[in-house]
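Each chain gets a letter, A, B and so on, in the order its sequence line appears, and its residues count up from 1.
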There are 2 protein chains.
Amino acid sequence: MAEAGSRTTDTRSRILDAAEVLFMENGFDGTSMRMITSRAEVNLAAVNYHFGTKELLIQEVFRRRLTSLNQARIAALEVLEVEAAGAPIKPSRIVDAFFGTALRMAADVEGGGHTFMRLLGRTYTEPSEFVRQFLAEEYAECVDRFLTALYRAVPEVDRKEILWRFHFMMGAMSYAIAGTDALQLVTGKFDDEDPSQLAPRLMSFLLGGLRAPLAEASLR
Amino acid sequence: MAEAGSRTTDTRSRILDAAEVLFMENGFDGTSMRMITSRAEVNLAAVNYHFGTKELLIQEVFRRRLTSLNQARIAALEVLEVEAAGAPIKPSRIVDAFFGTALRMAADVEGGGHTFMRLLGRTYTEPSEFVRQFLAEEYAECVDRFLTALYRAVPEVDRKEILWRFHFMMGAMSYAIAGTDALQLVTGKFDDEDPSQLAPRLMSFLLGGLRAPLAEASLR
DNA sequence: AATTCATTAAAACGTTTGTTTGAATCATAC
DNA sequence: GTATGATTCAAACAAACGTTTTAATGAATT
């Protein structure tokens, strides 16, 4: 049967969970099949049996969570659009629907959302060709809808400028989640005492950047 | 003789140049010694002869450029401090001394500065244990001086808040440089027609984030 | 011309890599 | 209980990995 759900947990899920953590910690190339199967406590051949190849396993690790994340983002955006009933939506609400949703997922430590968001963040700068294409497809619709919404929300700002700032916001968020270890060392000891403080602080920073006066070069 | 400088270029430098590009494109684990020596057109054993091990080669790739980058940053800061002559320095000037200096290095495409900054950006989220420790040492003094300067420039803002925002700014910049390929795909086609536009746009975004009103959670 | 030392060259070292194979085991259906 | 199909297992595969070794080459010194 395709359907599953044993008590301890499925072999498939155990592999995905183990791979998620190891990919986040060591990258794709730094994580061997044996590390994965050993952590998942399954036989070495199980990965190839259930997923085919390592590449397909990587794709499944992303698809498992990314699809629902982007669905949640779109759902949040649709709530805003219904509420607004044709009236313009505040940019801050749109930004929250996109980035806030991700940050809420990143706050879920026990469920693995935190691990996944860290993995996702580091993957943006580690773009194996096949993973890039996959991410692009997985993101296409969601990003498209949010950009459209932002264009409508801030019609007075050049669309190219909005694209740039969306880009910058993605960077700031990904780093805030994925790069904590690295910058912890760079900036000396950094109190991770209260990770729940990240979201409001980051949202405030993102909105500040979004609302910043335009650069001189972009006014020419 | 230790001194070198043949016409075409040194074996050592050819290895470093090749490694820099390949590490940026494929990561450390995704780049083999054979890929490096093949690209550099040197013998396979040359890397171990000149650098000892792969890890030491990685460190040298960073040290070669990072030391001078951080020296340039400190020099720019010292110019500001002398000019101010004890008076408070505008935060935007400090931010430019740190991030603008890096962006100017990233604008140097032919000299390899662009490649290196992309490598550096992706390394923050790919922190092999030994590379983290190395980066931390290499950055320590510079970051320390800039944080001190920022604390002095904006005494009314909580130091912890400044640390967070410095963190966010690092993220936005690293991504803007390192993550272009990935986000290019995520956000559809992105015009890299004029990479010189990046710097002013990003600086404006960073300053907007730095000046943003404090988050509610950080005011409690 | 002979010697010395740094560098380059080709070949091999033992591990580890992702993947495949064929038999053993399991649960379910007949 | 026997047959069926899915899953697990131990073992092996060729290929690629970082590193080492030993000999050949180069240019400078004596």
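Checked for salt-bridge contact, B:R165 and B:E161 meet the test: a charged N lies under 4.0 Å from a carboxylate O. No salt bridge links A:K54 with A:D29; every basic N to acidic carboxylate O contact stays at or beyond 4.0 Å.
Nearest-nucleotide assignment on DNA chain D puts the 5′-proximal partner with A:A46, out of A:R34 and A:A46.
Nucleotide C:dT7 holds its C1' atom 14 Å from the CG atom of B:N48, rounded to whole Å. What separates CG of B:D29 from P of C:dG18 is a distance of 11 Å, to the nearest Å. Summarising the geometry, the separation between CZ on A:F28 and P on C:dG18 is reported as 13 Å, rounded to the nearest angstrom. Rounded to whole angstrom, the span from the CZ atom of B:F51 across to the P atom of C:dT8 amounts to 11 Å. Regarding A:R14, its CZ atom lies at a distance of 12 Å from the C1' atom of D:dT8, rounded to whole Å. Atom pair B:M33:CE and C:dT15:P shows a separation of 18 Å (rounding to whole Å applied). The OH-C1' distance, from B:Y49 to D:dA23, rounds to 15 Å in whole Å. We find that CD1 of A:I36 is positioned 17 Å from P of C:dT16, with the value rounded to whole Å.
Among the nucleotides D:dA10, C:dA9, D:dT19, the one closest to the side chain of B:A45 is C:dA9. The side chain of A:T53 sits closest to C:dT19 out of C:dT19, D:dT19, D:dT8.
As judged by a 4.0 angstrom heavy-atom cut-off over every strand, A:T31 is placed among residues touching the sugar-phosphate backbone only.
For the pair A:S68 (side chain) and A:R65 (backbone), a donor-acceptor distance under 3.5 Å is present.
Contact annotation: B:H50 side-chain N/O to C:dT8 OP1/OP2 distance is under 4.0 Å. Using a 4.0 Å cut-off, no side-chain N or O of B:S32 falls inside it from OP1 or OP2 of D:dA16. For A:T11, no side-chain nitrogen or oxygen approaches OP1 or OP2 of D:dT7 to under 4.0 Å.
Taking the six-membered ring for Trp and the full ring otherwise, the centers of B:F146 and B:F166 sit at least 6.0 Å from each other. Aromatic pair A:Y175/A:Y124: ring centres not closer than 6.0 Å.
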